[in-house]
Amino acid sequence: METPDHLPLDRSAWRRVIDARALDRDILAAFALAALAAVTAVLRLGALDAPAQPGEGRGVSQIFAVDTLTTLLDTTSAPLAWLQIGGYTAATDAFARHVSALAAAREAMVIAAALTAVLLWVLALRIGLSRVTAAVAVVIAAVAPMAVGLQSGVRAENVAVPWLLLGLALLWTPRRHRRLAPDLWATAFLVIAVITAPVAIIPVGTAAWLVWRRQRRRLSLMLACLFGLGTGIGLGASAALAGLRMAAEGPSALTWPAEDPVFATAAVVAAIAALHSYRLRPLAAGVLGLAAVAAIPGGPGTSALTIAVAPAALVIAGTVERAVRHGTARATFLGRHPLRVPAIGLAVAVVLTAGPNWANGLHTVLTAHPDPAPVLGATRWLRENLPDAQLVTDSVTWADLVRGGRPARTTIRAADCVDDTCATGSWLLFTTNLRASLPHRPALADAAPRGETVAVFGAGGDRVEIHRPAIDGPGGLDEQLARTRLGGEIAADPRVSAQADADTALRAGRADPRVLTMLSALAATRPVRLAALPPVPGEDDAGQPRRQMLITAADEPAEQLAHFFTSQPGVYRPESVHTAAGAVLVRYPAGAPAGLLPTP
């Protein structure tokens with residue numbers, strides 16, 4: 001072969017040409033990897049405002065506590081993960097940049113997913129797969145709805161996966177003898193992965209397999225001892241069990257495969273087929289081990305799947321490549337290699353079904369955003385009516401309330417409200433997340449029906465309710481009849497002049513007992529004009545009586561009328577009294593005491 005100038009090249013010149021072309025390919029590969037990592041990050045950014053996943057709130061509250069309160073709420077549930085994420089949010093000021101605490105905590109998951117994509121590429125090359133296969137694996141992990149959903153959630157496992165992949169990449173070598181430093185670094189990274197998320201101990205078996213393959217027993221024993229010592233010191237058996245128990249609070253393992261059956265089926269089939277490949281066998285065994293653990297009832301289902309999605313994508317792509325390579329080699333007589341038929345069938349099935357299925361799944365993940373208005377309305381109601389009352393809610397809302405200025409000492413996470421005294425003596429802010437966690441919170445589940453709903457915001461799945469603790473005394477129909485009777489008497493009193501809407505509310509029993517009692521006392525001494533019974537946002541939908549009244553008195557200054565109310569003792573003393581334009585707006589605290597009116 002000759003150059004364009006038709007001059008022959010010597011060997012050194014050819015070497016330079018070959019090196020230049022290799023450098024060009026490396027640069028193109030680097031650009032491709034950067035683009036794939038960017039796609040991975042962008043898709044996760046689109047899911048920042050998706051509804052909170054079961055079990056995700058615990059991580060959000062822990063991260064917020066590390067970032068803002070400089071403390072750990074629970075030191076037994078993956079503290080290293082929350083310290084890592086909390087360090088990121090503190091360094092980037094994420095909680096100040098995002099409207100919700102959930103989105104701020106999920107931003108770190110975007111970074112973890114991008115790192116996972118890069119390390120997945122590196123691991124594929126270390127295994128001996130081609131760059132095309134590495135790119136396909138990254139694409140699968142980037143766009144599969146199951147991967148997007150799991151990697152977007154605030155989970156310790158998402159932080160552990162990059163450490164795990166980095167450790168496996170360092171251990172995956174064809175050399176039996178090499179320097180000790182990579183093995184030591186790999187062991188350290190695996191220790192960090194397990195301390196970050198205890199369920200990561202399962203794919204550590206893949207790492208042990210890789211070390212044992214080299215048939216260096218002293219090395220294997222030394223690394224095993226170092227791993228056991230590091231994990232034992234950093235985590236401990238009790239913390240490991242606690243971490244697995246916390247992970248088990250997520251949804252069943254069947255939830256995610258049902259949403260993305262293509263990826264789940266392809267991963268299992270590819271892992272079984274990859275057991276016939278010497279290169280892929282350790283990784284395939286790790287994926288199958290995670291799948292088996294995820295299927296255990298009551299086990300860490302979602303957590304195990306979170307760790308499995310990236311290796312599973314690599315197994316799918318790698319299985320197809322190995323089948324194609326073996327299928328074209330002479331050693332596979334007539335193409336009958338055990339991997340070839342299932343791999344080709346797997347590739348065809350994934351190509352035919354993944355497109356529409358993943359398009360719909362991604363659309364659901366990226367567009368399923370809850371309505372923030374109900375939570376904002378409830379937050380405003382709490383700020384105006386219960387600024388210091390003891391309140392229990394889910395962990396995500398807890399973080400939003402505390403970052404909004406509510407005292408942390410009176411705001412309790414549902415996970416911390418474990419006894420009857422807390423559950424029955426606290427106000428409850430019921431959100432979608434709290435309702436979903438009730439099966440794991442028996443004290444709250446028992447207390448909720450006994451309380452009274454005082455405010456409701458939103459409807460359907462986004463409905464938010466505020467419950468006050470159960471009170472002793474007459475309630476329900478008896479109290480409604482008592483309010484209706486006294487309200488009718490006040491409306492019929494000639495000394496009370498009520499506007500049409502207010503008159504209707506009085507006769508329908510929709511006025512608070514304190515409002516009725518004070519109106520009756522005021523009308524006994526002077527004529528009263530009742531201009532309105534203004535509703536408090538959220539309380540009409542909860543069936544609560546009106547606890548505000550706008551009144552005037554004939555030939556009497558508004559200030560003197562206001563003094564009448566501010567001088568009342570006990571439960572009849574208003575929460576606020578405002579005068580404007582000759583009228584007085586009186587407002588009583590939320591939740592009237594029982595027994596203020598005589599019942600029939």
Side-chain angles (χ1 to χ4, degrees), residues 48-49 52-112 153-160 195-197 234-235 239 242-243 245-247 249 372 375-376 378-380 382-383 386-419 421-423 425-429 431 433-434 437 440-441 444:
L48 284 184
D49 295 323
Q53 301 170 11
E56 195 176 6
R58 181 184 296 273
V60 174
S61 62
Q62 291 275 21
I63 296 162
F64 174 76
V66 170
D67 181 313
T68 306
L69 306 180
T70 63
T71 185
L72 274 171
L73 301 177
D74 186 356
T75 59
T76 61
S77 61
L80 184 57
W82 316 137
L83 290 173
Q84 292 177 68
I85 305 173
Y88 169 82
T89 57
T92 60
D93 211 15
F95 282 102
R97 291 186 289 103
H98 288 275
V99 175
S100 70
L102 179 62
R106 280 179 171 175
E107 185 178 293
M109 301 302 101
V110 176
I111 304 301
V154 181
R155 304 185 184 281
E157 293 75 24
N158 281 326
V159 184
I195 296 176
T196 301
L235 188 61
R245 185 181 69 253
M246 302 301 181
E249 292 187 2
V375 174
L376 293 176
T379 302
R380 188 180 305 110
L382 291 169
R383 183 170 58 250
L386 299 174
D388 298 314
Q390 183 169 293
L391 177 74
V392 176
T393 188
D394 68 275
S395 296
V396 174
T397 309
W398 174 89
D400 283 328
L401 290 175
V402 174
R403 71 196 288 258
R406 188 175 181 85
R409 68 180 184 278
T410 59
T411 311
I412 304 172
R413 299 183 305 160
D416 298 329
C417 188
V418 295
D419 55 30
T421 302
C422 171
S426 305
W427 288 72
L428 304 178
L429 177 58
T431 60
N433 299 331
L434 184 59
S437 69
H440 305 286
R441 316 284 179 229
L444 289 177

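The chain is numbered in sequence order, starting from 1.
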Measuring from [X]:[atom1] to [Y]:[atom2], what's the distance to the nearest 0.5 Å?
X      : Y      : atom1 : atom2 : answer
Ile111 : Asn158 : CD1   : CG    : 12.5 Å
Asp394 : Leu429 : CG    : CG    : 7.5 Å
Leu434 : Thr397 : CG    : OG1   : 8.0 Å
Cys417 : Leu428 : SG    : CG    : 7.5 Å
Trp82  : Thr196 : CH2   : OG1   : 10.0 Å

If you look at every heavy atom in [X] and [Y], which pair is closest and at what distance?
X      : Y      : result
Ala104 : Ala94  : CB-O, 3.6 Å
Cys422 : Gln390 : O-NE2, 4.3 Å
Ala156 : Ala81  : CB-CB, 3.5 Å
Arg106 : Gln53  : NH2-N, 4.1 Å
Ser395 : Gly57  : CB-O, 3.0 Å
Ala105 : Ile85  : O-CG2, 4.2 Å

Please check if the side chain of [X] supplies one atom and the backbone of [Y] the other of a donor-acceptor pair under 3.5 Å.
X      : Y      : answer
Ser61  : Arg58  : yes
Asp388 : Thr410 : no
Gln84  : Leu80  : yes
Ser100 : Ala103 : yes
Glu56  : Val154 : yes
Arg97  : Thr92  : yes

Report task. Show your working on side-chain contact (heavy atoms from CB on, under 4.5 Å) between Leu48 and Met109 and close with a plain yes or no. Result -> CA-CA 9 Å; Leu48 284 184; Met109 301 302 101; over 6 Å; no
Any non-hydrogen side-chain atom of [X] less than 4.5 Å from a side-chain atom of [Y]?
X      : Y      : answer
Val396 : Thr431 : no
Ile63  : Phe95  : yes
Thr393 : Leu401 : yes
Val375 : Pro372 : no

Quick one: salt bridge (Lys or Arg N to Asp or Glu O under 4.0 Å) partners of [X], sequence neighbours excluded?
X      : value
Arg383 : none
Arg403 : Asp400
Asp67  : none

